[in-house]
Amino acid sequence: MQGAFAEHVQALEAAGARTRLVKAREDLEGLNGIVLPGGESTTMTMLMERVGLLEPLREAIRGGLATLATCAGMIVLARDITDGMREQKGLGLLDIAVKRNGYGRQIDSFEAPLNIDGMNGKTFPGVFIRAPLVERTGDVDVIARLDGRPVAVRQGRILALAFHPELSGDQRLHREFVRLASHPE
Amino acid sequence: MAERNGARNGDGSVKGSFKVKAGLAQMLKGGVIMDVVTAEHARIAQEAGACAVMALERVPADIRKEGGVARMSDPDLIRSIMAAVTIPVMAKCRIGHFVEAQILEALGIDYIDESEVLTPADEENHIDKHPFKVPFVCGCRDLGEATRRIAEGAAMIRTKGEAGTGNVVEAVRHARAVNAGIRKLQGMNHAELVHEAKQIGAPVEVLVECHKLGRLPVVNFAAGGIATPADAALMMQLGVDGVFVGSGIFKSEDPLKRAKAIVAATTYFDKPEVLAEVSAGLGKAMHGLEIPAIPKDELLAARGW
């Protein structure tokens with residue numbers, strides 16, 4: 001809809017996947033996985049609601065469609081959004097509470113090395129841009145933290161990240177997601 | 001190019017690197033950035049789906065009408081707009097006025113537009129943008145100008161167009177000029193690239209990067225004269241990454257409706273049936289100006305070097 005979708009397309013295709021941009025409900029048909037990219041969560045949800053994509057997308061993800069959500073995508077998926085626009089509606093599928101721009105404005109955007117579970121101790125370059133802060137987690141697996149706060153979580157077939165692997169030049173998370181998407185539950 | 005950016009901390013993290021500066025622009029792609037002059041405008045823009053707003057005292061159409069020296073906006077106004085919305089807020093400083101830029105950085109603005117819409121403060125030099133932690137967007141008319149701004153540290157580029165006219169013709173000219181400039185590089189070898197750099201006044205390293213990528217190495221938006229959903233879609237089909245709309249929204253009859261329509265047109269730029277639907281019943285667009293009717297010394301795009 002809006003955001004850094006081209007960068008995800010590049011990373012996924014480098015990881016061996018075929019991709020398609022999803023802008024309407026019929027684009028959802030036949031997908032193995034979907035990426036909710038970074039961008040502005042208010043813009044994305046407003047557009048999805050206007051074109052009737054929000055509800056079919058919620059059904060698809062609830063039905064087990066593998067999902068990679070980064071930054072704004074994590075906000076769109078979250079159950080609770082604090083500091084959002086009045087009545088910001090999201091998908092409400094991921095059992096976390098996030099605070100939009102919880103790490104501050106652009107001037108506080110940063111890069112930091114992350115230790116992610118299952119990555120054999122080799123750090124991952126975390127790129128955080130006006131990133132959401134995960135304030136509470138429910139029934140999810142936290143797979144990476146920064147200063148004690150969760151920055152990467154797994155819930156079933158959802159992988160949600162507060163940072164931007166598509167800008168990092170490191171394809172390990174995209175390869176992991178392609179593996180997840182190509183193996184049914 | 002990027003090593004003068006960012007402050008490294010003890011824990012291996014780094015703030016304000018070129019990657020996070022250019023990265024925010026990547027998050028704005030496919031979106032619409034709207035000029036707003038009040039907190040209320042900013043809320044309307046956000047509600048309409050803007051991916052960012054530009055905080056200003058006067059939209060370009062009024063700057064053009066009223067004349068006089070146009071400067072950075074009052075920090076109080078900028079703060080009130082920052083407080084009103086959760087999307088990124090941009091603000092303009094004069095070309096070469098690095099102190100206005102320092103002030104905007106101190107306010108915590110998300111992006112600085114070093115803009116020809118304001119009266120230039122330096123007739124030779126633009127701001128050295130690398131030392132700032134806040135990213136900059138700059139205007140261009142062709143590839144040479146775009147690459148010079150990138151060499152100075154711009155993390156995002158936009159066409160200049162002719163702001164405040166509601167006439168898209170100059171934005172089209174500038175977007176096509178950048179595209180043609182990049183296409184011309186494709187068949188060149190290194191020696192030819194060096195020669196081309198000399199011809200168009202481009203820094204060689206940035207031009208080599210454009211050759212390698214087949215596009216500008218940073219995000220490129222359209223700006224200057226976009227007034228309708230069709231204008232926005234036209235610029236998207238010409239290959240830009242998103243659009244700025246200045247006077248076009250709040251100088252029109254029904255700003256919220258027009259703003260929503262331009263947002264939809266920017267996402268569905270390649271779907272004429274959607275464009276037909278969102279273009280209908282928008283009320284009057286801004287009146288607009290023919291470019292030849294503007295005295296030569298009042299053309300804003302000629303500012304910047």
Undergrad: So does B/Lys260 get a backbone contact from the side chain of A/Arg50, meaning a donor-acceptor N/O pair under 3.5 Å?
TA: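 Yes.
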Undergrad: Considering only heavy atoms and a distance below 4.5 Å, find which of A/Gly126, A/Gly39, A/Ala72 pairs most often with chain B.
TA: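 Most heavy-atom pairs within the cutoff with chain B belong to A/Gly39.
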Undergrad: To the nearest 0.5 Å, how far apart are CG in A/Leu47 and OG1 in B/Thr267?
TA: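 Between atom CG of A/Leu47 and atom OG1 of B/Thr267 there are 4.5 Å.
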Undergrad: Return yes when atom CZ of A/Arg25 has more than 12 non-hydrogen atoms of other residues, nucleotides or ligands closer than 6.0 Å, and no otherwise.
TA: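 Check fails, neighbour count at 12 or below.
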Undergrad: Looking at A/Arg130 and B/Thr86, what are the two nearest heavy atoms and their distance?
TA: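 Distance-wise, the nearest heavy atoms are NH2-O, 2.8 Å.
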Undergrad: Would you find a donor on one side and an acceptor on the other, under 3.5 Å apart, between the side chain of A/Arg105 and the backbone of B/Asp110?
TA: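 It does not hold such a pair.
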Undergrad: Which of residues 26-40 of chain B get closer than 4.5 angstrom to chain A, counting heavy atoms alone?
TA: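 Interface residues of residues 26-40 of chain B: B/Gln26, B/Met27, B/Leu28, B/Lys29, B/Gly30, B/Gly31.
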Undergrad: Heavy-atom pairs under 4.5 Å with chain B: which of A/Val51, A/Thr123, A/Leu146 has the most?
TA: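 That would be A/Val51.
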Undergrad: A/Glu111, A/Met46, A/Glu40: which one forms the most heavy-atom pairs within less than 4.5 Å of chain B?
TA: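 When all of A/Glu111, A/Met46, A/Glu40 are compared, A/Glu111 has the most.
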Undergrad: Considering residues, nucleotides and ligands other than B/Glu273, do more than 12 of their heavy atoms fall under 6.0 Å from its CD?
TA: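 Yes - once you tally the heavy atoms of other residues, nucleotides and ligands closer than 6.0 Å, there are more than 12.
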Undergrad: Do you know which of A/Gly104, A/Ala6, A/Pro113 has the most heavy-atom pairs under 4.5 Å to chain B?
TA: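 With the most close heavy-atom pairs to chain B, the winner is A/Pro113.
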Undergrad: Within a strict 4.5 Å, meaning less than it, do heavy atoms of the A/Ser109 and B/Lys15 side chains meet?
TA: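 A/Ser109 does not reach B/Lys15 side chain to side chain.
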Undergrad: For B/Phe98, does the CZ atom have more than 12 heavy-atom neighbours from other residues, nucleotides or ligands under 6.0 Å away?
TA: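 It does not: B/Phe98 CZ has 12 such atoms or fewer within range.
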Undergrad: CD of B/Glu47 to OG1 of A/Thr42: how many Å apart, nearest 0.5 Å?
TA: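 B/Glu47 atom CD to A/Thr42 atom OG1 measures 11.0 Å (nearest 0.5 Å).
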Undergrad: Looking only at heavy atoms and a cut-off of under 4.5 Å, which of A/Gly3, A/Pro37, A/Cys71, A/Ala24 has the most pairs with chain B?
TA: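 Looking at each of A/Gly3, A/Pro37, A/Cys71, A/Ala24 in turn, A/Gly3 comes out on top.
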Undergrad: Please state whether the side chain, the backbone, both or neither of B/Ala52 comes within less than 4.5 Å of a heavy atom of chain A.
TA: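 For B/Ala52, neither part sits under 4.5 Å from chain A.
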Undergrad: What part of A/Thr45 lies closer than 4.5 angstrom to a heavy atom of chain B: side chain, backbone, both or neither?
TA: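 Contact with chain B: none, neither part.
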Undergrad: Can you say whether A/Ile107 sits under 4.5 Å from chain B via the side chain, the backbone, both, or neither, judging by heavy atoms?
TA: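 Both backbone and side chain.
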Undergrad: To the nearest 0.5 Å, what is the distance between CE on A/Met1 and SG on B/Cys51?
TA: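 Between atom CE of A/Met1 and atom SG of B/Cys51 there are 13.5 Å.
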Undergrad: Quick check on A/Gln10: does its CD atom have over 12 non-hydrogen neighbours (other residues, nucleotides or ligands) under 6.0 Å away?
TA: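 12 or below, so no.
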Undergrad: Would you confirm whether B/Tyr268, through its side chain, and A/Lys23, through its main-chain N or O, come within 3.5 Å as a donor-acceptor pair?
TA: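 Indeed, once roles are kept as given, a pair shorter than 3.5 Å links the two residues.
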Undergrad: Indicate the atoms forming the closest heavy-atom contact of B/Pro135 with A/Gln106, along with that distance.
TA: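 The answer is CD-CG, 3.6 Å.
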Undergrad: Distance check, rounded to the nearest 0.5 Å: B/Ser13 atom OG versus A/Asp147 atom CG?
TA: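 Between B/Ser13 OG and A/Asp147 CG, I get 8.0 Å after rounding to 0.5 Å.
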Undergrad: I'd like to know whether CD of B/Glu152 has more than 12 heavy-atom contacts from other residues, nucleotides or ligands below 6.0 angstrom.
TA: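 Atom CD in B/Glu152 is packed in, count exceeds 12.
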